[in-house]
S.K.: 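One structure coming up, written as structure tokens, with questions to follow.
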Amino acid sequence: MLGRIPGIGVRRLRTLVSFFGDPLAVRRATTAGIASIPGFNARLAAEVHRFFRNTMLAEAEREAVRQLSLLRDAGGEILHVWDPRYPPQLAAIYDAPPVLFTRGDTACGSGPCVAVVGTRHPTPYGLVMAEYFARELGTAGVTVVSGLARGVDTRAHAAALASGGRTIAVIGTGPDRCYPRENIRL
């Protein structure tokens, strides 16, 4: 919900919550307190303060409730960057997403991971190589990360799972829908 504050991107959101200790404390913060944070100024602090005092908050709360309902119905959960279950390698990147919508075993992202991604229209050789690498990585205990798209991504996920390995599908849709539809069982 804090991500809907005008002018607040990923880095500022992390700074804001880290400075005050938790998201609820941000809601109680004064404009002067927010303006004192490195990277913030009086104008941005006023935007944050205004967000909690007008209809933008009510709209954001309604949207959050709707999204949480969809997530719950899909069997998912939310991991925020301050949650100890949040993948440590992802938390270490420059602009880590503050929130992940997840389904399945989130612990598989805490070990070694390798991304196997490629075109949606691979050559036969490309498919064979994607399958080979993903199978070998899966057998070695490395989690294969891909986007669940058609082509190389689909082949990599399937091969890793067939080898007894683990995969993480980073998808651009919500957790309540699968694109492409033919990968729903995968």
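Every value quoted in this text rests on a predicted model; they were computed, and no experiment measured them.
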S.K.: Please round to the nearest 0.5 Å and tell me the distance separating atom CG of Asn183 and atom CG of Leu148.
M.R.: 4.5 Å
S.K.: Side-chain contact, heavy-atom cut-off 4.5 Å: Val114 with Phe133?
M.R.: no
S.K.: Answer with yes or no whether the hydrophobic clustering places Val65 together with Leu70; edges join I, L, V, M, F, W, Y residues whose side-chain heavy atoms lie under 4.5 Å apart.
M.R.: no
S.K.: So, for Pro180 and Ala149, which heavy atoms are closest and what is the spacing to 0.1 Å?
M.R.: CD-CA, 4.2 Å
S.K.: Compare all side-chain heavy atoms of Tyr86 with those of Pro97 and state whether any distance is below 4.5 angstrom.
M.R.: yes
S.K.: May I have all residue pairs that pass salt bridge (Lys or Arg N to Asp or Glu O under 4.0 Å) and include part of residues 11-24, sequence neighbours excluded?
M.R.: Arg11-Asp95
S.K.: Can you name the closest pair of heavy atoms from Ala156 and Ala134 and give their distance?
M.R.: O-CB, 3.2 Å
S.K.: From Arg43 CZ over to Arg50 CZ, what is the distance, rounded to the nearest 0.5 angstrom?
M.R.: 9.5 Å
S.K.: Using the salt bridge (Lys or Arg N to Asp or Glu O under 4.0 Å) rule, collect all pairs that involve residues 142-151, keeping only residues at least two apart or in two chains.
M.R.: Arg150-Glu182
S.K.: Roughly how far, to the nearest 0.5 Å, is the CD atom of Glu77 from the CG atom of Asp83?
M.R.: 7.5 Å
S.K.: Could you check whether Ser163 and Arg135, counting side-chain N and O atoms only, form a donor-acceptor pair closer than 3.5 Å?
M.R.: no
S.K.: Just verifying a value: how many Å separate Glu47 CD and Thr31 OG1, rounded to the nearest 0.5 Å?
M.R.: 11.0 Å
S.K.: For a quick test of reading the model, state the closest non-hydrogen atom pair linking Ser146 to Val116 and the distance between them.
M.R.: OG-O, 2.6 Å
S.K.: Do you know which two heavy atoms are closest between Asn41 and Leu44, and how far apart they sit?
M.R.: OD1-N, 2.8 Å
S.K.: Do Arg155 and Met129 have side-chain heavy atoms sitting under 4.5 Å apart?
M.R.: no
S.K.: Using every non-hydrogen atom in the two residues, find where Ala45 and Ala35 come nearest and quote the distance to one decimal.
M.R.: CB-N, 3.5 Å
S.K.: CZ/Arg72 to CD1/Ile78 distance, rounded to the nearest 0.5 angstrom?
M.R.: 9.5 Å
S.K.: Could you tell me whether the side chain of Val99 reaches within less than 4.5 Å of the side chain of Leu79, counting heavy atoms only?
M.R.: no
S.K.: Could you check whether any side-chain heavy atom of Ile8 comes within less than 4.5 Å of a side-chain heavy atom of Phe51, counting everything from C-beta outward?
M.R.: no
S.K.: When you group the ILVMFWY residues by side-chain heavy-atom contacts below 4.5 Å and let the links chain together, are Val117 and Val152 in the same group?
M.R.: no
S.K.: If you compare all heavy atoms of Phe19 against all heavy atoms of Ser36, which two are closest, and at what distance to 0.1 Å?
M.R.: CZ-OG, 4.1 Å
S.K.: Checking the side chain of Gln67 only, and the main-chain atoms of Arg62 only, is there a donor and an acceptor separated by less than 3.5 Å?
M.R.: no
S.K.: Same cluster or not: Val81 versus Ile93, using hydrophobic residues (I, L, V, M, F, W, Y) connected whenever any side-chain heavy atoms lie under 4.5 Å apart?
M.R.: yes
S.K.: Can you tell me how far apart CZ (Arg166) and CG (Leu161) are? Round to the nearest 0.5 Å.
M.R.: 11.0 Å
S.K.: Check each of Leu90, Val145, Thr102 against Ile168 using the side-chain contact (heavy atoms from CB on, under 4.5 Å) test, and report the only one that passes.
M.R.: Val145
S.K.: Is there a path of hydrophobic side-chain contacts, each under 4.5 Å between heavy atoms of I, L, V, M, F, W or Y residues, that connects Leu100 with Leu71?
M.R.: no
